[in-house]
Each structure stands twice: as structure tokens, then as C-alpha cells.
Protein chains: 2
Amino acid sequence: MAEAEDNTRERLLDHGERLFAEKGFSAVSVREITAAANCNLAAINYHFGSKQSLYLAVFRERWAQRARRVRQHFSETLAGKPRRDLEDVIAAMASAFLEGPMSEAERRCHIQLMQREMSDPGDALSMVVEDVMRPYILEIADLIRPHLKGPVDERRLRLSVLSILGVILYFFLARPAVSRIVEQEYDSRFKPELVSHITAFSLHGIHSLNQE
Amino acid sequence: MAEAEDNTRERLLDHGERLFAEKGFSAVSVREITAAANCNLAAINYHFGSKQSLYLAVFRERWAQRARRVRQHFSETLAGKPRRDLEDVIAAMASAFLEGPMSEAERRCHIQLMQREMSDPGDALSMVVEDVMRPYILEIADLIRPHLKGPVDERRLRLSVLSILGVILYFFLARPAVSRIVEQEYDSRFKPELVSHITAFSLHGIHSLNQE
DNA sequence: ATTCGTATAAAACAAACGTTTGAATGTCAA
DNA sequence: TTGACATTCAAACGTTTGTTTTATACGAAT
């Protein structure tokens with residue numbers, strides 16, 4: 001087979017990612033994935049070697065690329081702002097994750113996979129942290145640093161950026177819990193409200209770096 | 001059997017909770033649990049009926065009780081503060097989760113189980129949210145409200161309390177990721193630094209409610 | 001036309017899974 | 001001591017698991 005890029009392989013990555021994100025690695029069977037991808041049971045082992053290798057391939061060939069898009073969305077959003085002040089940086093960060101260049105389903109996929117790998121560190125964690133998260137966090141730290149008064153404790157700065165990420169991820173992952181506590185569905189009216197809350201909260205949080 | 005409260009049952013709850021927290025429900029087998037609890041394979045089905053029922057029993061008979069202790073620790077810490085200002089409330093909240101009345105292993109267990117149930121909502125989620133989280137969040141909201149100037153949007157207030165919780169949970173669950181990004185192990189020197197960062201960041205974050 | 005490498009299909013594999021069974025054991029009341 | 005009940009145990013149950021095998025179909029290259 002020359003061109004035409006293997007179709008079954010792509011479908012396996014698509015449905016594999018979706019199901020791994022929804023249920024977690026162990027809770028999904030290869031039969032479930034191959035049925036969803038509408039192909040034969042043996043296809044996973046043929047194309048990837050094993051279920052575990054499919055999982056890693058999902059991170060390498062899907063997740064990482066989307067992470068790159070998220071980061072690019074962040075850069076482009078920020079480039080559009082003339083002043084590029086603290087608020088712009090944080091708003092761009094929240095926007096990249098919550099209103100970024102993904103469908104709602106993709107976003108769910110992306111963030112859930114990330115969370116699963118962070119709380120159950122596996123073979124994909126190194127890639128997630130070193131290749132994606134770390135450079136991203138450090139870039140944002142570099143963008144924030146000039147806006148702070150006086151000398152800045154580098155570690156506190158990174159903790160602050162991580163805190164913002166924590167808030168963003170939390171409102172995504174704990175959706176059902178959040179919904180019931182604020183008595184509000186995640187509808188199209190609520191989401192911008194959420195983004196503006198996260199931005200405001202984090203912006204003020206960052207200012208804790210200014211005074212000692 | 002009259003008194004002496006079944007020992008095997010307790011051991012199953014202990015090791016079951018630990019393993020469910022570490023690996024998640026589907027990734028743990030009943031053989032693994034019964035081996036850890038040093039009892040017969042059939043013990044789970046005898047005492048609880050099924051693996052699923054053991055999972056629910058863990059939440060009812062272990063997690064919920066510890067959640068009560070966490071909340072009590074919060075109340076007592078706060079009662080010890082004479083002024084009971086905004087900072088005291090938030091510091092007490094962070095302290096309850098991160099330095100509360102639990103061993104390090106118990107804390108890990110508690111928070112991981114909570115997170116797992118929030119991102120994979122199952123039969124235990126209702127109990128976690130309605131009986132524990134919701135009242136807790138609302139209580140903290142009530143404690144914070146009087147310290148804010150002017151009229152307060154109730155929803156924004158709750159979102160802020162949830163944001164604090166999000167930050168706290170994130171630094172716990174994403175430990176390996178955080179460690180590598182700030183280039184710092186979670187040792188005894190780092191932990192107080194973390195608590196003080198969370199308190200400072202959240203305290204400033206809360207103040208975003210003051211201005212419009 | 002034949003050969004070769006690729007992709008899909010159906011069937012079978014051993015291992016691990018949650019659960020059930022029935023006998024053995026221990027404990028207390030009658 | 002006896003009978004009844006609660007608990008533990010080894011063994012087996014029928015499924016489901018991830019993986020392997022064997023066979024077949026298709027295209028391109030020789």
C-alpha cells in the first residue's frame with residue numbers, strides 16, 4: 001500500500017482516544033474500540049502491536065499535535081492584543097484551553113487524557129510534561145515576569161502559573177460536581193461567565209507575587 | 001459472631017480503599033485486594049456482595065467519615081483564630097486538606113478517590129457532592145461573604161471557593177508533573193511553601209469579587 | 001502470470017476476570 | 001453434646017480479557 005494513508009489505523013486512533021479519555025485505559029477493552037472503529041478485533045495488534053502501544057500512539061499522534069494547536073492558539077490570541085499586559089496573557093491562557101481551536105468533544109478528550117496521565121503517571125507522562133507542559137508553563141512565566149514589580153521568586157512564579165492551570169482544569173474535570181454546587185448547567189451562557197471568572201480570579205492571584 | 005467487629009471486613013475496606021485510590025476501580029482486581037488484605041478470594045463477595053459494592057462501602061464507611069474529620073479540622077483551626085478574617089478562612093481550608101488530621105498516605109487516598117469520582121461520575125458521586133462537598137463549599141462561602149465589600153454575586157462567590165479547591169486538589173493530584181516543572185521534590189521544606197503559596201494566591205483571587 | 005508485501009477477516013488461544021459453590025471450621029445458645 | 005449460625009477456605013464456574021494464528025483478498029512490481 002502506497003498512499004491513501006491507512007484508514008483503519010486513523011479510526012483506531014480516533015475512537016481509541018475518545019474511549020480512553022471517557023473511561024480510562026483499563027476500563028476500555030480492545031473489543032470495544034475495534035467495534036467503535038468498525039474494524040476487526042485483531043486490527044489494534046496488527047497496526048500498533050498492543051493495546052498499550054495504541055494508548056501511547058494516541059498521545060504521540062493525536063494528543064501532542066492538539067497540544068501544539070492549543071499553544072499556537074494562545075500565541076495568536078496574545079499576538080492580537082496590542083498591550084499584551086497581565087490580563088491579556090491570562091485571558092489568552094484560559095481561552096486557549098476553554099475556547100480554543102477544538103470542538104467541545106475534542107476539548108473534553110484532550111483535557112481528560114491529560115488529567116488521567118497526570119494522576120496515573122504512565123509511559124506517556126514524560127512526553128506530556130517535558131515536551132508539552134513544561135515549555136508551555138515556562139513560556140507563560142516569561143510573559144508574566146516583566147509585568148511584576150521588583151524581584152520575582154522563580155519558583156513562586158511557576159507555582160502561580162500552575163495554579164491557573166489547576167483552576168482551568170478543575171472547572172473542566174469536575175463539571176458534574178461544579179454544576180450541582182453552583183446550581184447551573186454548563187450551557188452557552190455559563191461558559192463565558194466561567195472564563196471571565198477564571199481570568200479575574202487568576203489575575204488577582206498572580207498579584208500575590210507583588211507584595212512580600 | 002457477636003462483638004469483635006469482623007476483622008476481615010475492615011481489612012478489605014482498608015486495602016480496597018488504598019488500591020482503588022492508587023489505580024482506579026477497573027485497574028484493581030478482587031484477587032489483588034484480597035491478597036493485600038490477606039484473606040480468601042471469596043471474602044469480598046461474602047462481606048459486600050460484589051466488587052462494586054465494596055467500592056461503594058469504601059465511600060460510605062471510610063471516605064465520608066474522613067471527610068467529616070477534614071471539615072471538623074477546618075472548623076477547629078478557624079475557631080482558634082481570634083480575628084477570623086479572610087486569610088484565616090482560606091488558610092484553614094488549605095490546611096484542612098494539606099495538613100489535616102490524616103497521615104500522608106490517608107490524604108493521598110482521600111483526595112485521589114474524590115478526584116476519581118468527580119471525573120468518572122459513578123454511584124458514589126451523589127454522596128460525595130450532596131452530602132460532603134456542597135455543604136462544605138456553602139459553609140465556606142458563608143464565612144467569606146461578610147468580608148467582601150458591597151453586594152456579592154452568589155454564583156461568583158461559589159465559583160471562587162471552588163477555584164480554591166481546584167488549586168488545592170491540583171497540587172496534590174498533579175504532583176509528579178508539578179515536581180518536574182518547578183524542579184522541586186515534595187519534601188518537608190517544600191510543602192509549607194506550597195500551602196503558603198496556595199493561601200496567598202487564593203486570597204488575592206477572592207478579592208476579584210470586590211471590584212466590578 | 002506470478003510473486004510479494006499489505007490489510008482485513010474469522011477463529012482460537014491462554015490467562016485473568018468477578019462470582020458461586022460446597023465443604024470445613026469456629027462460636028455460641030440451648 | 002447438640003444444633004444453628006457465621007466465617008473461611010479451596011476449587012471451580014462461565015465470561016471476558018489481550019493476543020496470536022491461519023486464511024483470504026487485493027495491488028503493485030517483476
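Quick note on labels: first sequence line is chain A, next is B, and so on, each numbered from 1.
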(request) Could you check B:Tyr55 against B:Phe48 for ring-ring contact (aromatic ring centres under 6.0 Å, His included), going step by step and ending with a plain yes or no? (result) CA-CA 9 Å; B:Tyr55 182 76; B:Phe48 300 94; over 10 Å; no
(request) Would you please classify the geometry between the A:His197 ring and the A:Phe201 ring as parallel, tilted or perpendicular, with 30° and 60° separating the classes? (result) tilted
(request) Look at the rings of B:Phe97 and B:Tyr136 and say which category their plane angle falls in: under 30° parallel, 30 to 60° tilted, over 60° perpendicular. (result) parallel
(request) Run through B:Gln112, B:Glu106, B:Arg66 and flag the one making a side chain to side chain contact (heavy atoms under 4.5 Å, CB included) with B:Glu17. (result) B:Arg66
(request) Pick base, sugar-phosphate or nothing for B:Leu41, based on heavy-atom distances below 4.0 Å to the nucleic acid. (result) base
(request) Quick one: label B:Ala43 by what it contacts on the DNA or RNA (base, sugar-phosphate, nothing), any heavy atom closer than 4.0 Å. (result) nothing
[X] [atom1] - [N] [atom2] separation (whole Å):
X: B:Phe48; N: C:dT19; atom1: CZ; atom2: P; answer: 13 Å
X: A:Asn38; N: C:dA7; atom1: CG; atom2: P; answer: 18 Å
X: A:Glu32; N: D:dT17; atom1: CD; atom2: C1'; answer: 13 Å
X: B:Gln52; N: C:dC17; atom1: CD; atom2: C1'; answer: 15 Å
X: A:Arg31; N: C:dA16; atom1: CZ; atom2: C1'; answer: 13 Å
X: A:Leu12; N: D:dG18; atom1: CG; atom2: P; answer: 14 Å
X: B:Ile44; N: C:dT20; atom1: CD1; atom2: C1'; answer: 14 Å
X: B:Asn7; N: C:dG26; atom1: CG; atom2: P; answer: 17 Å

Check this one for me: any side-chain N or O of [X] less than 4.0 Å away from OP1 or OP2 of [N]?
X: B:Thr8; N: D:dT8; answer: yes
X: A:Asn45; N: D:dG18; answer: no
X: B:Ser29; N: C:dC17; answer: yes
X: A:His47; N: C:dT8; answer: yes

(message) Does the Lys NZ or Arg CZ of A:Arg175 fall within the cation-pi geometry relative to A:Phe171 - under 6.0 Å from the ring centre and within 45° of the axis?
(response) no
(message) Can you tell me which nucleotide in D:dT17, C:dG18, C:dT19 comes closest to the side chain of B:Ser50?
(response) C:dT19
